[in-house]
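The next block holds one structure in the form of structure tokens; read it before the comments.
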Amino acid sequence: MGTTIETDEERVLDAVPRKLYIGGKWLEGERGTLIVEDPSTGQALAQVADASPADAVAALDAAADAGSEWAKHPPRERGEILRRAFETIVSRADDLALLMTLEMGKPLKESKAEVLYGAEFLRWFSEEAVRIDGRFAVAPNGQGRLLTMRQPVGPCLLITPWNFPLAMGTRKIGPAIAAGCTMIVKPAQQTPLSMLALTQIFEESGLPGGVLNLVTASSSSQTMAPLIADQRLRKLSFTGSTEVGRALMSQASETLLRLSMELGGNAPFIVFEDADLDAAVEGAVIAKMRNIGEACTAANRFHVAEAVADEFSRKLAARLAAMKVGRGTEEGVEVGPLVDGTQRAKVAELVQDALGKGARTLTGGNTIDGQGYFYEATVIDQIPDDARLLTEEIFGPVAPVKTFSGEDEAITAANATEYGLASYLYTRDIKRALRVSEALETGMIGLNQGMVSNPAAPFGGVKQSGFGREGGREGIEEYLETKYLAINMD
Ligand code: NAP
């Protein structure tokens with residue numbers, strides 16, 4: 001059995017191309033290779049091409065050269081390429097899931113869910129490719145005619161994070177291909193393998209060379225800077241931390257680059273006294289523990305009505321304490337390792353800060369010794385107002401529970417953050433649900449459910465969680481310009 005697992009791992013790793021993909025060719029990186037680690041062991045897993053700034057510029061050359069032909073490519077065929085890629089991903093879902101678990105650490109079941117979720121964006125946008133239209137109107141004075149057309153923005157730079165190595169890519173690549181844009185994709189250096197496998201699938205699906213160019217690099221700031229400064233680039237879509245998003249926005253101001261910013265979160269999870277408490281606990285497990293807590297939409301703070309807080313915390317602690325921690329490939333594992341040592345040290349620091357200020361541990365609270373970057377599933381309560389984890393993104397399996405006494409207090413606490421991506425709300429009172437939803441300053445709300453992501457819905461945030469929407473009918477708008485034609489009828 002052990003041998004089979006090892007063989008499967010070797011097989012999926014061997015199948016992944018390790019080079020840059022530029023203008024339809026797989027090329028070496030000018031800077032040699034960069035190492036991808038297995039977070040469950042800290043050992044090297046693979047080496048992939050390390051691009052130089054000149055390699056990145058070559059990718060932009062290819063995207064710019066392919067731009068006008070691709071914009072004219074029949075929408076139906078653009079959609080069919082996406083559809084073929086969708087079908088190939090689904091047929092290889094188990095292998096892609098294993099690859100993702102190896103590079104990112106999450107349990108296989110969750111990787112498979114991400115692979116299928118990621119593929120859905122390609123199916124969704126394959127259907128949207130043929131629904132790009134404009135409008136025609138008679139001018140209000142009855143004389144002229146007004147015609148609008150929707151055209152692709154042009155070459156796009158798509159930068160993605162490590163926490164969802166495939167889906168954060170397909171959410172951008174799907175609408176970009178559907179709209180007729182060419183692109184340079186830059187995955188995070190911790191997890192380039194899923195994106196390399198996806199690029200290979202697009203090649204097999206008949207995507208013409210130059211439409212999608214993939215650059216993997218160990219120095220993202222150096223390699224991306226010349227692209228952001230280049231006037232041939234027309235759009236930057238970034239998913240990652242607010243800090244890096246701010247820096248990229250500042251660079252992009254030089255060329256007034258069109259932007260989509262999917263940034264960090266600090267989601268409140270509010271439980272009112274009238275909620276179905278067992279359902280709230282189950283929702284909390286999903287909202288907190290999905291992706292080992294390393295999700296931008298992860299519940300970062302639990303705000304629970306005083307009357308039910310003890311019961312909620314006790315039940316949540318029991319559920320988390322029972323979750324099996326281990327390598328994501330092992331049977332029954334529900335909590336994998338954190339992505340690297342830096343991420344784990346940050347989680348430990350935030351917990352120590354809260355405990356040092358008087359918080360109480362109900363379960364967990366420790367780094368796990370041995371190889372890999374494991375951290376215990378943790379619930380803490382009696383959180384002081386100045387604990388850093390109330391205002392900073394934890395990005396780990398740690399659930400802080402805080403109490404509130406009334407609706408206004410819950411809303412004020414929930415909104416007391418610079419972020420505004422997702423929030424969660426548990427109540428049986430429909431009027432309260434609508435009242436509180438209207439008052440919450442987030443782009444998305446889970447009402448009596450612990451997950452909001454859906455390819456058919458607009459995903460995105462407000463405040464310092466960024467702007468722009470991915471998925472839904474809105475997703476393709478990010479990749480289209482509106483051109484207006486004034487028609488003289490005199
Ligand atoms: P990150 O450090 O901001 O990195 C994100 C991407 O940006 C990576 O590909 C990274 O490349 C690249 N990058 C970093 N510095 C750059 C620079 N100066 N110029 C150009 N590219 C640069 O974020 P992360 O740690 O990978 O991801 C976690 C963050 O993403 C969290 O804050 C999370 O909330 C957020 N996130 C948001 C959403 C959303 O939809 N709102 C979804 C998922 C994640 P290298 O890593 O290769 O250097």
Side-chain angles (χ1 to χ4, degrees), residues 31 34-37 48-51 53 56 103-104 114 117-118 121 157-172 184-195 214-229 233 236-252 257 259-267 290-300 338-340 342-343 346-347 392-396 417-422 442-444 452-453 457-471 475 478:
R31 292 198 169 159
L34 68 90
I35 292 173
V36 183
E37 260 189 23
V48 305
D50 191 359
E103 66 174 344
M104 188 274 170
E114 183 190 333
Y117 166 64
F121 285 99
L157 174 57
L158 313 178
I159 303 182
T160 58
W162 49 263
N163 63 338
F164 291 98
L166 189 86
M168 297 305 96
T170 56
R171 235 160 57 158
K172 300 180 191 302
I184 303 103
V185 182
K186 212 248 11 120
Q189 58 188 293
Q190 290 103 322
T191 59
L193 302 177
S194 296
M195 203 68 83
L214 182 75
V215 173
T216 48
S218 62
S219 174
S220 34
S221 54
Q222 268 187 27
T223 42
M224 294 297 105
L227 303 194
I228 297 168
L233 191 74
L236 165 62
S237 178
F238 172 74
T239 300
S241 61
T242 296
E243 192 190 352
V244 173
R246 277 193 201 110
L248 293 175
M249 262 188 93
S250 145
Q251 289 176 47
L257 202 53
L259 298 172
S260 301
M261 288 278 151
E262 299 283 347
L263 308 179
N266 177 4
R290 176 169 165 253
N291 229 42
I292 323 149
E294 297 171 316
C296 50
T297 50
N300 210 59
L338 294 173
V339 76
D340 57 25
T342 314
Q343 189 61 35
K346 190 187 161 209
V347 171
E392 295 181 33
E393 198 175 26
I394 302 172
F395 243 54
T417 168
E418 64 183 9
Y419 295 107
L421 190 62
T442 59
M444 300 173 285
V452 291
S453 308
F459 188 106
V462 298
K463 293 161 74 178
Q464 296 195 34
S465 290
F467 45 82
R469 293 294 179 266
E470 294 191 323
E478 306 282 325

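Treat the numbers as computed from the prediction; the structure is a model and nothing was measured. Indexing begins at 1, ligand by ligand and atom by atom, following the structure's order.
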Would you mind checking which non-hydrogen protein atom is closest to [atom], with the distance to 0.1 Å?
| atom | value |
| --- | --- |
| atom 27 (O) of ligand 1 | Pro161 CB, 3.3 Å |
| atom 7 (O) of ligand 1 | Phe238 CE1, 3.2 Å |
| atom 1 (P) of ligand 1 | Ser241 OG, 3.6 Å |
| atom 12 (C) of ligand 1 | Ile159 CG2, 3.7 Å |
| atom 33 (C) of ligand 1 | Phe395 CZ, 3.3 Å |
| atom 32 (O) of ligand 1 | Glu393 OE1, 2.7 Å |
| atom 18 (N) of ligand 1 | Ser221 CB, 3.3 Å |
| atom 8 (C) of ligand 1 | Thr160 O, 3.3 Å |

Quick one, [X] and [Y] - any side-chain contact, counting heavy atoms below 4.5 Å?
| X | Y | value |
| --- | --- | --- |
| Leu259 | Phe467 | yes |
| Phe459 | Cys296 | yes |
| Thr239 | Ile159 | no |
| Ser220 | Val244 | no |
| Ser219 | Arg31 | yes |
| Thr442 | Leu421 | no |

Notebook entry, point to check: Has Glu418 got more than 12 heavy atoms of other residues, nucleotides or ligands less than 6.0 Å from its CD?
Noted result: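 Atom CD in Glu418 is crowded, with more than 12 foreign heavy atoms closer than 6.0 Å.
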Item checked: Ion pair check, Lys172 and Glu470, cut-off under 4.0 Å ->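 Looking at Glu470 together with Lys172, the answer is yes, because their closest N to O distance falls below 4.0 Å.
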Margin query: I need the minimum non-hydrogen distance between Gly264 and Ser465, along with the two atoms involved.
Written below: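 Closest pair (atom of Gly264, atom of Ser465, distance): O-OG, 2.6 Å.
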Ligand 1 contact on [X] by region, counting heavy-atom pairs under 4.0 Å:
| X | answer |
| --- | --- |
| Glu470 | neither |
| Met224 | side chain |
| Phe459 | side chain |
| Val244 | side chain |
| Thr297 | neither |
| Pro187 | backbone |
| Glu294 | neither |
| Glu243 | neither |

Margin query: Could you check whether any side-chain N or O of Asn291 sits under 3.5 Å from a backbone N or O of Asn163, counting only pairs where one atom can act as donor and the other as acceptor?
Written below: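 Checking the backbone N and O of Asn163 against the side chain of Asn291, a donor-acceptor pair under 3.5 Å is found.
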Next item on the list: Would you confirm whether Ser218, through its side chain, and Asp50, through its main-chain N or O, come within 3.5 Å as a donor-acceptor pair?
Entry: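 No: the side chain of Ser218 does not pair with the backbone of Asp50.
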Next item on the list: Could you name the option among Ala217, Ser218, Cys296, Ala225 that has the heavy atom nearest to atom 38 (C) of ligand 1?
Entry: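 Minimum heavy-atom distance to atom 38 (C) of ligand 1 goes to Cys296.
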Distance-only N or O hit between ligand 1 and [X], under 3.5 Å:
| X | value |
| --- | --- |
| Lys186 | yes |
| Thr242 | no |
| Asn163 | no |
| Leu263 | yes |
| Arg171 | yes |
| Ser220 | yes |

Atoms of ligand 1 close to [X] [distance to a heavy atom under 4.0 angstrom, numbered from 1]:
| X | answer |
| --- | --- |
| Leu421 | 41 (N) |
| Leu248 | 19 (N), 20 (C) |
| Gln190 | 46 (O) |
| Met168 | 42 (C), 43 (C) |
| Ala188 | 8 (C), 9 (O), 46 (O), 47 (O) |
| Thr239 | 5 (C), 36 (N), 37 (C), 38 (C), 39 (C), 40 (O), 42 (C), 43 (C), 44 (C) |

Next item on the list: Identify, with sequence neighbours excluded, every residue that meets side chain to side chain donor-acceptor pair (under 3.5 Å) alongside Gln343.
Entry: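 Not a single residue meets the side chain to side chain donor-acceptor pair (under 3.5 Å) criterion with Gln343.
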Margin query: Just to verify, what does Thr417 make a side chain to side chain donor-acceptor pair (under 3.5 Å) with, not counting sequence neighbours?
Written below: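 Scan of Thr417 (side chain to side chain donor-acceptor pair (under 3.5 Å), adjacent residues dropped) gives Asn266.
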Notebook entry, point to check: Do the side-chain N and O atoms of Glu103 and Ser194 include a donor-acceptor pair separated by under 3.5 angstrom?
Noted result: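 Glu103 vs Ser194: donor-acceptor pair found between side chains.
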Next item on the list: Report yes or no: do Thr242 and Gln464 form a side-chain donor-acceptor pair below 3.5 Å?
Entry: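 No, no side-chain donor-acceptor contact under 3.5 Å.
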Atom pair [atom1]/[atom2] of [X] and [Y] - distance to nearest 0.5 Å:
| X | Y | atom1 | atom2 | value |
| --- | --- | --- | --- | --- |
| Leu34 | Gln190 | CG | CD | 10.0 Å |
| Glu393 | Ser241 | CD | OG | 8.0 Å |
| Ile394 | Asn300 | CD1 | CG | 4.0 Å |

Note to self: Going by a strict under-4.0 Å cutoff (protein heavy atoms only), does atom 4 (O) of ligand 1 have a neighbour on the protein?
What the structure shows: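 Under the 4.0 Å cut-off, atom 4 (O) of ligand 1 has no protein heavy-atom neighbours at all.
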Check: Looking only at heavy atoms of Trp162, does any of them come nearer than 4.0 Å to an atom of ligand 1?
Finding: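 Within the 4.0 Å threshold, so yes.
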